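Keep in mind the model is a prediction, meaning the values are calculated, not measured. When reading the values below, keep in mind they use all heavy atoms of this one structure, side chains included, and skip hydrogens, waters and symmetry mates. For this chain, numbers begin at 1 and follow the sequence in order.
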Amino acid sequence: MRSSPIPRLVAAAAVALSLSCGTPAAQESNTGSIVVTLPAEMDSNDRQALIEALAALERPVAIADTDQATDALTAESQVAVAMGRWDAALASWRDLPELIATWWRGLSAEQTGTGSLLVIAAMLVALAVGAACEWGVDRLLSRWRRLCAQAQPLRFSRRAGYGLAWVGVEVLGIAAFAGGALLIGWLLLPALATPRLTLAIVVAAVVKARVVLTIGRFILAPYRPALRLVSMPDDAVRLVWRWVASVVTIIAAANGFRDVLVSSGASWESAALLGIGVALLAAVVRIVAIVQVRRPFHDLILQAWKPKSGEPSGVVDLSANIWHIVFCVLVVVDFAGVIYAGLLTVESRVASLAVGSFMVISLVPFALGGYGALIDDVLLSRGEDGRSLGSAGALKAFGQGVILLATFAFLARAWGADPFAGAEAGLLSRAAAALLQIGGAALLGWTIWQGSKLALDHYAVEEAEEANEDPMGKPGSRIATVLPVIRAFLFVAIITMSVLMALAALGVNIGPLLAGAGVIGLAVGFGAQTLVKDIITGLFYLVEDAFRKGEYIQSAAGKGVVEKISLRSVQLRHHNGPLHTIPFGSMGNITNHSRDWVRIKIKIHVPFNTDLNKMRKAIKKVGEAMQEDPELGPMFLEPLKSQGAVDTDAAGFITSVKFVSRPGEQFILRREAFARIQKAFQENGIEFAEPRVTVASKDGDDHHEGAAAGVALARNQ
C-alpha cells in the first residue's frame, strides 16, 4: 500500500517557500510572483497535487520544471494555475472602490478633494497646451498638408507616397502635443508619482488612439478620395471610418482608465480583473463594429479578387460572405489568449502603450494587399516583360510571406508562446518555433516558385484554337511545348527542397533520407526500365525540337495534332477525333506536317484544244488578286502560279498550279483558289476536261448508247 502524499506535499511546500527566501531554487520575479523549481524525480501525481496547493496560495507562484520530459504536464499545470488566478481575480471586484479612492487621494499631498481637483485642472491645462503646440506645428506645416490634400495622383505608388507624407505631418503634430503636454504637466503638477504617472498614461492613451486613427485615415482616406488606397465608395468608407473611430476611442479610454488604477498600487488580482473587464469591453465593441461594416468589406473583397473577366471564384465568394464570422472568432481567440497570457505571467503592462493583437490582425490584410499593389505598380509600370514579371512575383511572395511570419511571431508572443525563447522553453513555445521554421522554409520555396512561374508563363504563347474542317494543326512555340515539363519539374524540385529544409530546420538529420532516396531511386530505375526509357526519349525529342504543341505529326504509333506533353507520353488528337496517348519510347520516327512551310500543288485537267497561254494568264490574275487580299495575302509565302502542262491523258492536258504557305493555312488558300480559278475559267471561256469512253460497235445506235453509258459511268466514278 502506498502511503498518503499529503505529509510529503506539505513538507515540500514548506521547503520550497523557505528556499524562495535565499536560494537559487526559487527566486522572486519582478512581477511579485515566486518561481519554484520542482525536482525532476518527483512523481507525476505528487507534482500535480503540489502545483494545485501552490496555486491556492495568496501570493502567485510560477512553476519552473527542469525535467524536459514533462512538458505536457507543465502545460496542464499552467492552465490550472491560470484558472486558479481567474477565480482570484473575479473575487477582487470588492476592492475596486477602494482602489479608486486610493488613486484620488494620491493625486495631491494633502489627500483632499480640493487638492485633487486642482491637480485635475492642471492636467487639463497641460493637455490644452499640448493641443496648442500641435496647432502651431500644423500652422508651420500647412503648406505641406495642403499640398498632400490637393494632390490627384493616378498611380498607387504616388497615392501611397502622398499618404505617407500626410501621415508624417500628422505624426509631427501628435509628437508636439505629447511633448508640450508632458513638459507643462511636469511643471504644473506636484512632485508626486500618482499625478505625473496619471498624466503620462492619459497622454499615452491619446497618442496611441491618434496614431491608430492616423493609420486608418492613411488607408481609408474618408475625406480625400484621391489618396484612398482601397477601392470603396465614399458612403461605405465613411461608415467604416465612423465605426473605426468609435472602437479606437472606446478601447483607448478603457485602457487608460485601467492603467491609471493599476498604477496606483493595485494588487495583481485587481489588475487582472481590470484587464479582464477591458478585454471583454474591447471584444464586445469589436464584434458590434465587425457586424456593422460587414457589407462594405464584402464588396471590397469581391472587387479586389474578382478576375478581369467573369465571376469571382467560389473561394472568393465564400471569403466575402464569411469574413465577419472569421474575424469575430479571431476576436474571441484574441480575448482568450490575452487573458490567459496575462493570468499566467501576472504581468501588469501599460495597455495604452502595447500593440494589440487584434489591431495587428486587422491591419494584415491591408498590408498584404497594399504591398502587392505597390510592387506591381513599381515593377510593372514600364512593361510586363518576363524579367519584370518574375521579379514582381518573387518580391511579392517574399514580402507578403515575411508579413505573415512576423504577424504569427507577434501573436504567438502576445499569447504566451514565444517562438524565440530557445531550447529551454515550454511546449507551446517550442511548437511556435517549429511552425515559424517550417513557415520560413515554405516561404523560400513559395518565393522561388512564384518568380519562376510568372516568368515562364509570360513566354508561353497561348493561341486560340480555330475551327477548321481540316484540323491538320498549326505550328506552336517551343516554349509553350517545353513549359509544362519545366513547370512540373520545378514544382517537384521546389516542393522537395522546401520539405527537406523544413525537416532540417526542425533538427531532423536529412542525410539518411537523401541516402535512402538514392537507393530507392536506383531500385525504381532498374525495375521500371520502360518508364525510364520513355522519359529519356521524351527529353531528347524536346531538346531536338522534333515537335511542338499544336503541330500535326505522324509517328510509328499514330498521328494527329499534339495536344499535351508530359514527362512520359504525348497526346495526339487525330483529325477524325480520337485521342491517342503514346509513350515517347513507342513513337519511333517522327514526321512533322506543321513545321516551317508547306507546298501545295493542284492538278487541273483541260481539253487538248485549250489555249494554255490564256489559261496561264487567267491563273496569274487569280494569284495576284489573292495576294492583294488583306486576309489571304499574309498567308502566302510564295504566290499562286501556274506551272503549265506537266502531263497528258486521254481527256487532255494535265496542268499544275502551286503555292507555298504556312502550315495549317494551306486548306483555306486551296479552297479559295479552287473557287476563284473556276470563276476565272468561266469568264475566259476555258473548260475543264471531261473523261471520255469510246466504244467500238457495228451498229451506229448501239455505238452512241454505249458511249453515253460509258460517259455516265465515268462521271459516277
Side-chain angles (χ1 to χ4, degrees), residues 160 164 167 208 211-216 218-220 229-230 240 244 247-248 251 255 279 282-283 286-287 289-290 293 297 300-301 304-305 315 319-320 322-342 345 349 351 353-375 393-421 425 428-447 450 498 501-502 505-506:
L164 288 175
V167 168
K208 179 182 177 181
V211 169
V212 174
L213 293 178
T214 300
I215 296 174
F218 168 68
I219 298 172
L220 300 175
L229 301 183
V230 294
V240 174
V244 169
V247 171
V248 170
I251 294 177
N255 281 328
R286 285 167 179 166
I287 290 175
I290 289 171
V293 301
F297 283 104
L300 177 63
I301 294 173
W305 294 97
V315 176
S319 301
I322 68 171
W323 79 266
H324 59 287
I325 299 176
V326 174
F327 265 73
C328 288
V329 172
L330 290 176
V331 169
V332 176
V333 172
D334 176 65
F335 168 76
V338 170
I339 295 303
Y340 173 75
T345 58
R349 294 177 296 179
L353 297 176
V355 179
S357 302
F358 185 75
M359 185 179 74
V360 174
I361 295 174
S362 301
L363 292 177
V364 164
F366 297 101
L368 294 175
Y371 176 80
L374 183 63
I375 292 297
L395 284 177
K396 186 188 298 185
F398 181 77
Q400 291 176 340
V402 169
I403 293 173
L404 291 176
L405 291 179
T407 302
F408 170 78
F410 173 83
L411 296 178
R413 294 192 66 180
W415 295 345
D418 188 359
F420 306 105
L428 293 178
S429 297
R430 293 211 308 273
L435 291 177
L436 191 62
Q437 292 171 347
I438 294 174
L443 172 60
L444 181 60
W446 179 248
T447 300
Q450 283 296 103
S498 300
M501 290 178 60
L506 294 176

Counting neighbours of CH2 on W446 that are heavy atoms of other residues, nucleotides or ligands and sit closer than 6.0 Å, is the number greater than 12?
no
Would you check if Y371 and L395 make a side-chain contact, meaning some heavy-atom pair closer than 4.5 Å?
yes
Walk me through it: do I290 and F297 pass the test side-chain contact (heavy atoms from CB on, under 4.5 Å)?
CA-CA 10 Å; I290 289 171; F297 283 104; over 6 Å; no
Please report the closest heavy-atom contact between I403 and A367, naming both atoms and the distance.
CD1-O, 4.0 Å
Are I361 and F327 close enough that some pair of their side-chain heavy atoms sits under 4.5 Å apart?
yes
Do you know the tightest heavy-atom contact between L368 and Q400?
O-NE2, 3.0 Å
Check F218 against L164 and note the closest heavy-atom contact, atom names and distance.
CE1-N, 3.5 Å
Look up atom NZ in K208 and atom CD1 in I251, then write down how far apart they are to the nearest 0.5 Å.
8.5 Å
Quick check: do L229 and F366 have side-chain heavy atoms less than 4.5 Å from each other?
no
Point-to-point distance, once rounded to the nearest 0.5 Å, from CG of D334 to CG of L411:
8.0 Å
In Å, rounded to the nearest 0.5 Å, how long is the span from CD1 of I438 to CG of L405?
11.5 Å
Where do I301 and S319 come nearest, in terms of heavy atoms and distance?
CD1-O, 4.1 Å
Given the rule in the side-chain contact (heavy atoms from CB on, under 4.5 Å) test, do L404 and L443 qualify, once you have shown the distances and angles that lead to the verdict?
CA-CA 10 Å; L404 291 176; L443 172 60; over 6 Å; no
For F408, does the CZ atom sit with more than 12 other heavy atoms under 6.0 Å from it, leaving out its own atoms?
yes
